[in-house]
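Note that ligands are numbered from 1 as they come in the structure, with each ligand's atoms numbered from 1 the same way.
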Amino acid sequence: MTGLEYLTVAEALEIILDGVAVLAAETVPLPEALGRILAQPIVAQDSLPPFANSSMDGYALQAADTVGATTDQPISLRVLGDIAAGAEVTITVSPGTAVRIMTGAPIPPGADAVIPVEDTNEPWRDEKRPLPTSILIKRQVQAGDYVRAIGEDIEAGQHILAASHQLRPQEIGVLASLGISQVPVIRRPRVAILATGDELIGVEEALSPGKIRNSNGYAQAAQVAALGAIPISLGVARDDEADVRAKLQKALEAGVDLFISSAGVSVGVYDVVKAVLEHEGNVGFWRVRMRPGKPLAYGQYKGIPYLGLPGNPVSSMVSFERFARPAILKMGGHTRLERPCITVVVQEDIQSDGRESYIRAVVTREEGMGYTAVTTGEQGSHMMTSLIKANALLIIPEGVKQVIAGTSLTAMMIDWPETVF
Ligand code: AMP
Ligand code: MG
């Protein structure tokens, strides 16, 4: 992979994804597993519920004893005792008897149903209320009514979650119910971020002639963190080969799974990243037929995948979206690597230059119109505010130079604001 190559977005993405592998597993405590990807399937060791229990506050009984019971002709049962949630059961229900039971308490032997308190003459839930000696049942119940059977949700031995499943709060809850306090997950990718350029100063520094603040370094670190990966900020390298080398070396020593740099990969005299990679890396320099973002460097530096993004802030962020994001997600064990894409109707004419274009846009849904999109205006690759306004990137396919209002296009949703949808 050397020299200038012209690639489509799809070709570039395929090569990049082929070049990165899913990372190894590690074990994390359950509270830290949110958002992580399971490295192994989860098999239930216990059944859930672990024992048959009541779904209502009421009386456990034999359903056969309630046949024909109505409000006008209630059936009387003798109350043997009380079972609270968490209690061990010592009482057995026999014909003609019932046991007061709380939600979640074990169904006593002999009982096959529960009658809710509301359907008795004792419609009180107050725990201090003395236990009645008998109870009037005002309606008939069937065997199994208000009983949560053992294993109804999960049976011991059942495969509950597949490897590659992403853990959301509900999965964390299920793992907790199953007693899994340590969770096998894919390691979070460590991604080194390097900004390059003599014009760059730190965020805390005052502007001086010819200088701009390093925004890419921060934006990219945030993009990495938003994926659940670990950004390792290498700061700014001067347009100086020795400085670039030193910064990359520092990252290698700290341990890194992917390098991402911005700028210095075009054909300018000061494109030192390119110079360093040409000497020491196995890196290709591409011209990707996309807009914004054309120059892209990809390969390996000392055995570690390396992605060199363009310098212009919007090009850098859009290239990250298109190439770095899927690569980092793949390394982190994700199986869905793409943003959700929907079809939208554009509300204005849009010009393109025949490259696959990613137009910053606002997608909304309007009554009777489905999803529609307007651009955020000026699309210059230095116009950061156009990304602040956008919730989507409209994709104009390669070869198309003019899109007429009313045309349907694919929108790659970078955000899904609840206020809009
Ligand atoms: P280059 O690829 O070095 O020619 O840079 C292209 C454009 O991106 C120039 O206008 C740079 O000043 C700008 N640029 C490069 N790196 C950064 C950065 N880290 N933050 C903000 N702008 C940058
Ligand atoms: Mg530069």
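- Looking from atom 20 (N) of ligand 1 to the surrounding protein, the closest heavy atom is S215 N, 3.1 Å.
- For G197, the heavy-atom gap to ligand 1 stays at 4.0 angstrom or more.
- Using a cut-off of 4.0 Å between Lys/Arg side-chain N and Asp/Glu carboxylate O, D119 and R139 are scored as salt-bridged.
- Nearest to atom 19 (N) of ligand 1 among the protein's heavy atoms is N214 OD1, 2.9 Å.
- Within the 4.0 Å heavy-atom criterion, both parts of A263, backbone and side chain, lie near ligand 1.
- When the shell of 6.0 Å around CD of E204 is examined, it contains more than 12 heavy atoms from other residues, nucleotides or ligands.
- Closest protein heavy atom to atom 23 (C) of ligand 1: G311 O, 3.4 Å.
- For a threshold of 3.5 Å applied to N or O pairs, the pair formed by L200 and ligand 1 contains no separation below that value.
- Residue-ligand proximity: H382 is placed with every non-hydrogen atom at 4.0 Å or more from ligand 1.
- Atoms of ligand 1 lying under 4.0 Å from at least one heavy atom of A195, given by number and element, are 19 (N).
- Under the 4.0 Å criterion applied to side-chain N and carboxylate O atoms, E253 and K250 are not assigned as salt-bridge partners.
- With salt bridges taken as basic N to acidic carboxylate O contacts below 4.0 Å, one links R322 and E338.
- Under 4.0 Å is where a charged nitrogen must lie from a carboxylate oxygen, and between E280 and K302 at least one such pair does.
- Looking at atom 12 (O) of ligand 1, its nearest protein heavy atom turns out to be E199 OE2, 2.6 Å.
- For E14, the CD atom is loosely surrounded, since the number of other residues' heavy atoms within 6.0 Å does not exceed 12.
- E356 and R289 are not joined by a salt bridge, as no carboxylate oxygen comes within less than 4.0 angstrom of a charged side-chain nitrogen.
- Counting heavy atoms of neighbouring residues, nucleotides and ligands inside a 6.0 Å radius, atom CD of E26 exceeds 12 of them.
- Closest protein heavy atom to atom 10 (O) of ligand 1: N312 OD1, 3.9 Å.
- Within the listing of ligand 1, atoms 20 (N), 21 (C) sit less than 4.0 angstrom from a heavy atom of R213.
- Of the protein's heavy atoms, N216 ND2, 3.2 Å lies nearest to atom 17 (C) of ligand 1.
- Scanning the protein for heavy atoms near atom 22 (N) of ligand 1, the closest one is I212 CD1, 3.4 Å.
- Ranking protein heavy atoms by distance to atom 4 (O) of ligand 1, first place goes to S266 OG, 4.2 Å.
- Using a 4.0 Å cut-off between a side-chain N of Lys or Arg and a carboxylate O of Asp or Glu, R100 and D82 qualify as a salt bridge.
- Within the 4.0 Å heavy-atom shell around ligand 1 one does not find P310.
- Ion pairing between a basic and an acidic side chain is recognised when a charged N comes within 4.0 Å of a carboxylate O; R148 and D153 show no such pairing.
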